[in-house]
2 protein chains.
Amino acid sequence: MSAGEQRGRKPRADVQRNRAALLETAQRHFLQHGVGTSLEAVAKETGVGPGTLYRHFPTREALLAAVLQTRSEELVARRAEIARLGDASEALRQWLRAMEEYFSAFSGLPEPLMAAAREREPDNPLTLPCDDLIATTDERLLAAQRAGHARQSVKGYDLFLAAVSVAWISGTGATDEESLGRLRALIESGYREQDDEE
Amino acid sequence: MSAGEQRGRKPRADVQRNRAALLETAQRHFLQHGVGTSLEAVAKETGVGPGTLYRHFPTREALLAAVLQTRSEELVARRAEIARLGDASEALRQWLRAMEEYFSAFSGLPEPLMAAAREREPDNPLTLPCDDLIATTDERLLAAQRAGHARQSVKGYDLFLAAVSVAWISGTGATDEESLGRLRALIESGYREQDDEE
DNA sequence: AGTGCATACGGAGGCAGCATCCGCTTTGAT
DNA sequence: ATCAAAGCGGATGCTGCCTCCGTATGCACT
């Protein structure tokens, strides 16, 4: 299945192999050293030349997007689960948390993510995920607002920004989990409708 | 005045001249290109060698701290004004805003600032300002809490983090002033005591 | 199996920025 | 005018980015 049009020749075997190996190494390096890790080092450790890396992934963002693919799919799955929740308020809370975790996958991820949100050039492979996330946030927020659980003055983009912020702070490593928890609570009590006590 | 002990020789004239010129150029470059600007370029444009720059300011952080000196003094002055305000709630609001503006002086400033807050090594010249700001935030928050204007569960450090976050987002340039305003409002309604309506 | 060709590889190399070191100049004191 | 200390600045080595092109590799066809 899958191949819509593999006109002519069958793709070479080493291409897939190298691509997979590069993704593997890149993920490790992103995890250990953040998104700013040396691409040259990734290539070397994979056992390929820099040229091969750059042919497969022309920019750092492209490599990043490819490495994030798995996590993106997880997030989409989680979104579907969350959408089925009855409690709109709880759904919104969980969705914000899911986004935050996604943004915290690698240290320094929020920067290129926000850069992608800034420049509306569609050649940035991180732009598409972003748009999608903002749209989903809007959906969950609207549902919560309809249920009277969230202030009308808040916009989905605001909560997206809040989630990115918390992820950014988390990535700086300057803050313990306790402070992060209080920050999340602060944001939550910021967007909640006041009569929404439980 | 000033010179407590200028034992032996009078300091050379070119030292002060170069230092001032470097600060001037550096401020311009930080403003235009953010805190990551090329130090080599700063030196070249000032008309001195790289060695001279690094002798005066051993690290990027040292240069940054020196350039921020003026703004730090302004912030201290503003803090004194704010401390004189009768309304503790308004004082807290203004102080948070003042911090945020300080952090937004140059694009990318929040990163090294948080890094300074993380590593407790005192050789980082940005650490001291940070500590001071957090302490002041605590003072303003405590006053607001005593007046019943802020939730007891909030800590000064949380609001410090919130201010840094907004500055960071602002620095990414991905967000218009309107969204930033809503984000500030969200934070404010997050730390305010609910019965504090006006 | 052997041949030919498209495709992909990889490393050399140019570029930019960081940070250091050391021979030489400038400066203030005598 | 002279001297020594203090400061200067550029040459230098290093790391990382990214490109280009000669070469090796794997697929298809015989």
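Model, not experiment: these values are computed from the prediction. Proteins come first, then strands; the chains are lettered A, B, ... in the order of their sequence lines, and each starts at number 1.
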Between A/Tyr157 and A/Thr137: side-chain donor-acceptor atoms closer than 3.5 Å:
no
Does the side chain of B/Glu90 come under 3.5 Å of the side chain of B/His149 through a donor N or O and an acceptor N or O?
no
Nucleotide nearest [X] (side chain, heavy atoms from C-beta), chosen from [options]:
{"X": "B/Arg55", "options": "C/dC9, D/dG7, D/dA28", "value": "D/dG7"}
{"X": "A/Arg9", "options": "C/dG10, C/dC5, D/dC17", "value": "C/dC5"}
{"X": "A/Arg60", "options": "D/dC17, C/dT27, C/dC5", "value": "D/dC17"}
{"X": "B/Val48", "options": "D/dG9, D/dC18, C/dA19", "value": "D/dG9"}

Are [X] and [N] close enough that a side-chain N or O sits under 4.0 Å from OP1 or OP2?
{"X": "A/Thr52", "N": "C/dA8", "answer": "no"}
{"X": "A/His56", "N": "C/dA8", "answer": "no"}
{"X": "B/Asn18", "N": "D/dG7", "answer": "no"}

Given atom [atom1] of [X] and atom [atom2] of [N], what is their separation to the nearest angstrom?
{"X": "B/Glu61", "N": "C/dA19", "atom1": "CD", "atom2": "C1'", "result": "14 Å"}
{"X": "A/Leu39", "N": "C/dG10", "atom1": "CG", "atom2": "P", "result": "16 Å"}
{"X": "A/Leu53", "N": "D/dC20", "atom1": "CG", "atom2": "C1'", "result": "16 Å"}
{"X": "B/Tyr54", "N": "D/dG13", "atom1": "OH", "atom2": "C1'", "result": "14 Å"}
{"X": "A/Arg19", "N": "C/dC9", "atom1": "CZ", "atom2": "P", "result": "12 Å"}
{"X": "B/Glu40", "N": "D/dT12", "atom1": "CD", "atom2": "C1'", "result": "12 Å"}
{"X": "B/Leu22", "N": "D/dG7", "atom1": "CG", "atom2": "P", "result": "14 Å"}
{"X": "B/Glu45", "N": "C/dA16", "atom1": "CD", "atom2": "P", "result": "17 Å"}

If you look at every strand shown and take non-hydrogen atoms under 4.0 Å, does [X] touch a base, only sugar-phosphate, or nothing?
{"X": "B/Ala41", "result": "nothing"}
{"X": "A/Thr37", "result": "sugar-phosphate"}
{"X": "A/Ser38", "result": "sugar-phosphate"}
{"X": "B/Ala13", "result": "sugar-phosphate"}
{"X": "A/Pro50", "result": "base"}

What I want to find out is whether [X] reaches [Y] closely enough, with some N-O distance under 4.0 Å, to be called a salt bridge.
{"X": "B/Arg78", "Y": "B/Glu101", "value": "yes"}
{"X": "B/Glu74", "Y": "B/Arg71", "value": "no"}
{"X": "B/Arg79", "Y": "B/Asp132", "value": "yes"}

Per nearest nucleotide of DNA chain C, the residue lying toward the 5' end, A/Gly49 or B/Pro58, is A/Gly49
Which of A/Asn18, A/Thr25, A/Thr52 passes side-chain hydrogen bond (donor to acceptor under 3.5 Å, both in side chains) with A/Thr46? Answer is A/Thr25
### Query
Do the side chain of A/Arg12 and the base of D/dT25 come within less than 3.5 angstrom through a donor-acceptor pair of N or O atoms?
yes
